[in-house]
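The structure appears below as structure tokens.
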There are 2 protein chains.
Amino acid sequence: MKDVARLAGVSLGTVSHALNKPEKVSERSLAKVRAAVEQLGFVPNSAARSLAAGASRTVGLVLTDIDNSLFVDIARGAEDQARRAAHALLLANSDIDFNRQESYLDIFDEARVAGILFAPMNASLEGVDRVRRHGRRVVLVNLAQGRKDCCAVISDEELGGYMAARHLIELGRRRLLFAGGPEEFYAIKERRNGALRAVLEAGDVTLEIINCRRLKSDEGRKIAAEIANRSPERIPDGILSPSDRIAAGVIHELMARSFSVPDDIAVIGYDNNQFTTEAAISMSTVSQDGHRMGSEAMRLLLDEIENPDHQHRTLTLEPRLILRESTLGPRGKPLPDTDGRAPAPA
Amino acid sequence: MKDVARLAGVSLGTVSHALNKPEKVSERSLAKVRAAVEQLGFVPNSAARSLAAGASRTVGLVLTDIDNSLFVDIARGAEDQARRAAHALLLANSDIDFNRQESYLDIFDEARVAGILFAPMNASLEGVDRVRRHGRRVVLVNLAQGRKDCCAVISDEELGGYMAARHLIELGRRRLLFAGGPEEFYAIKERRNGALRAVLEAGDVTLEIINCRRLKSDEGRKIAAEIANRSPERIPDGILSPSDRIAAGVIHELMARSFSVPDDIAVIGYDNNQFTTEAAISMSTVSQDGHRMGSEAMRLLLDEIENPDHQHRTLTLEPRLILRESTLGPRGKPLPDTDGRAPAPA
DNA sequence: GGACGAAGCTGAAGCGCTTCAAAATCTTCC
DNA sequence: GGAAGATTTTGAAGCGCTTCAGCTTCGTCC
């Protein structure tokens, strides 16, 4: 930067101003500085910058599970919002590993980022407390555990479960099955509670609950296989799962065993993951709009950064039903792509 | 840090040493410093640290497409390797947007990261030249464009195409179809060339090529639909695609139209994406082992950082056939629970 | 007992930037 | 023409750390 100043024939302070608040610098100096920067290929050192300024323009996002496209959507939403505010977003993937999650929080803490978006798994939030004690700003995404002392963006999991079950009931299904994951996960328990509420409300509907240990499609296949062997009156006519992955396993196994989805059994998943549209039939699901979660979370964080009388708040987003073939049948098929042309042999 | 020094009753320099090279400090001082750090909740400022030291322990990874699980695997591999060397890995997702890709390179450049892993798709490498001119170290992943002036880890795309076609031919298939994406993508062109080589080598096999504009499952469905309407002798008995996504569309549409996969038509994809195991039948594919690519790339980068007489080299990994139901039939069904990743709920 | 080297410790210089008070320059208006 | 005010520019102080030369302390050996 010294070199830039020398080449431009101005002082160091002027270069700094030209770079950061161009409006406070005369046209002439600005032009000279810009030319010098160009000529020298000068790149500001962000370490020095944030050291001197005491603030960085980078926001960190710690994600639990980059395999779940919900988190990817959250990242995208956050990124879009960050870019508008001229902040950069850096991602750290903890891969469902608690220690890594904590260590990334520390890395962002040490980097003195402007703030942290934290999309944790079902874990303790001790890391959050630690970095917040250092004055780091943190917004929770997807899991709030009822905290009121920082901002959060969550999705109404109970309502999502309710909506899914309600949808099946409205389709006339009466023997529902909830193919759930381990109940230690807060979100899963809530979704099940919501489903239960819809069922109780309806009166003449039953809800069977099968818990599986992991959220993998294998587990869905196992459940479907077991169902297929039942006597007809014990076969459910509607299945809901708190995980698209399990739902995909269920659907594919049912189809392999000559059940018709949704005619014999309607199936609905949860999360609107990428592969809901890549499955044999497009899957109905409950969408949490990760993009919106990410962008709202970033908005809250930016407010906390910029607004001195910021108030912490928790934003609860309503999930949305996405209805496709696995409950509606062919009429639920997404509209064909209109921009594609007919393939031609080469 | 000054406070830590005061509380511990030692000098600033000693605190720094205690933190960075504990072996050069006496037990007594070390203990005192540790206690003080603990008591004060001191967190080193990495901006100041990298400013003073002139080097950071962070590596940046710029990814093109976080939706493609290959890149996610690359990130994982890189992370594992980085952690072993006590470096942190920060991700930036450019979402196939050239400007964003460039701007993330600049951000890492400004942050004076120890090095950058760059996994571009098909873009020009001008940003790479720019940051390398500033002395930033860059390792290319997944695309090298024949550059010899920096390290790279790539996969032999031509060989992958060859292997896929060869596999179909060995299964006895004679009328092959290559359902490809836009040929502007280097990787896709190479894969097609490989397939062509296998076909020419075999002699009595034909290869039809259908190009689609985008790498989406819709396109695969369209191709399958068109095929289904053909007269029997024009229907291929083996389909290979440079994208799992397209292959998934093909498989599902064929099944919907009562073709048997693989009996009537065997299908093989490319990339071993996540959903190859979530499809109606598990898909055969060509795997590039993203994890290995990421970890080898990080290894090369670390060597470049630490080893003064580092030699640039390009590592070409051989792809690997993953054979599953879509070409082998039920005997290709994967063993349950073999991939061991435990996803979390959203 | 004294010389010597190793081990540990200290404090100051400096990394590249921002910012602020003060100085320099330009405008305006009577 | 000149004073008051507005706009620019300047240079130095300092952000929190690492590092290095030099200092102190201690153990060893003849």
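Numbers restart at 1 for each chain; the letters A, B, ... are given by sequence-line order, proteins then strands. Remember, predicted model here, so these are calculated numbers, not experimental data.
Between B/S50 and D/dC17 there is no side-chain N or O to OP1 or OP2 distance below 4.0 Å. The phosphate of C/dT10 (OP1 or OP2) has a side-chain N or O of B/T14 nearer than 4.0 angstrom. For A/N45 and C/dC15, the shortest distance from a side-chain N or O to OP1 or OP2 is not below 4.0 Å. Under 4.0 angstrom from either OP1 or OP2 of D/dT9 there lies at least one side-chain N or O belonging to A/S29.
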Evaluation steps, salt bridge (Lys or Arg N to Asp or Glu O under 4.0 Å), between A/E126 and A/R130
CA-CA 6 Å; A/E126 76 185 55; A/R130 175 160 27 86; 5.1 Å; no
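Taking a cutoff of 4.0 Å between a charged side-chain nitrogen and a carboxylate oxygen, B/R292 and B/D73 do not qualify as a salt bridge. Taking 4.0 Å as the cut-off between side-chain N and carboxylate O, A/R132 and A/D129 do not count as a salt-bridged pair.
When heavy atoms are screened at a 4.0 angstrom cut-off, A/V25 is found touching the sugar-phosphate backbone but no base atom. Using a 4.0 Å heavy-atom cutoff across all strands shown, B/G13 reaches at least one base atom of the nucleic acid. Among the protein residues, A/V10 comes within range of the sugar-phosphate backbone only, with heavy atoms under 4.0 Å from sugar or phosphate atoms but none that close to a base.
Comparing B/G9 and A/A48 against DNA chain C, the residue whose closest nucleotide sits nearer the 5' end is B/G9. If B/H17 and B/A47 are placed on DNA chain D by their nearest nucleotide, the residue sitting closer to the 5' end is B/A47.
Taking atom NZ of A/K32 as the reference point, atom P of D/dT10 lies 8 Å away to the nearest angstrom. Between the CG atom of A/L30 and the P atom of D/dT7 there is a distance of 17 Å, given to the nearest Å. The interatomic distance linking A/R28 (CZ) with D/dT9 (C1') rounds to 11 Å, in whole Å. Summarising the geometry, the separation between NZ on A/K2 and P on D/dT10 is reported as 17 Å, rounded to the nearest angstrom. Distance, B/R57 CZ to D/dT18 P: 12 Å, rounded to whole Å. Note: CG (A/N20) to C1' (C/dT18) measures 8 Å, nearest angstrom. Regarding A/K24, its NZ atom lies at a distance of 9 Å from the P atom of D/dT8, rounded to whole Å. Look at NZ on A/K21: it is 13 Å from C1' on C/dC17, rounded to the nearest Å.
A 4.5 Å side-chain heavy-atom check between B/I154 and B/D156 finds every atom pair outside the cut-off. Contact check for B/L30 versus B/V33: no side-chain heavy atoms found under the 4.5 Å cut-off.
Looking at the side chain of B/S26, the nearest of the listed nucleotides C/dC15, D/dT19, C/dC9 is C/dC9. Ranking D/dC17, C/dG11, C/dT18 by closeness to the B/S11 side chain, first place goes to C/dG11.
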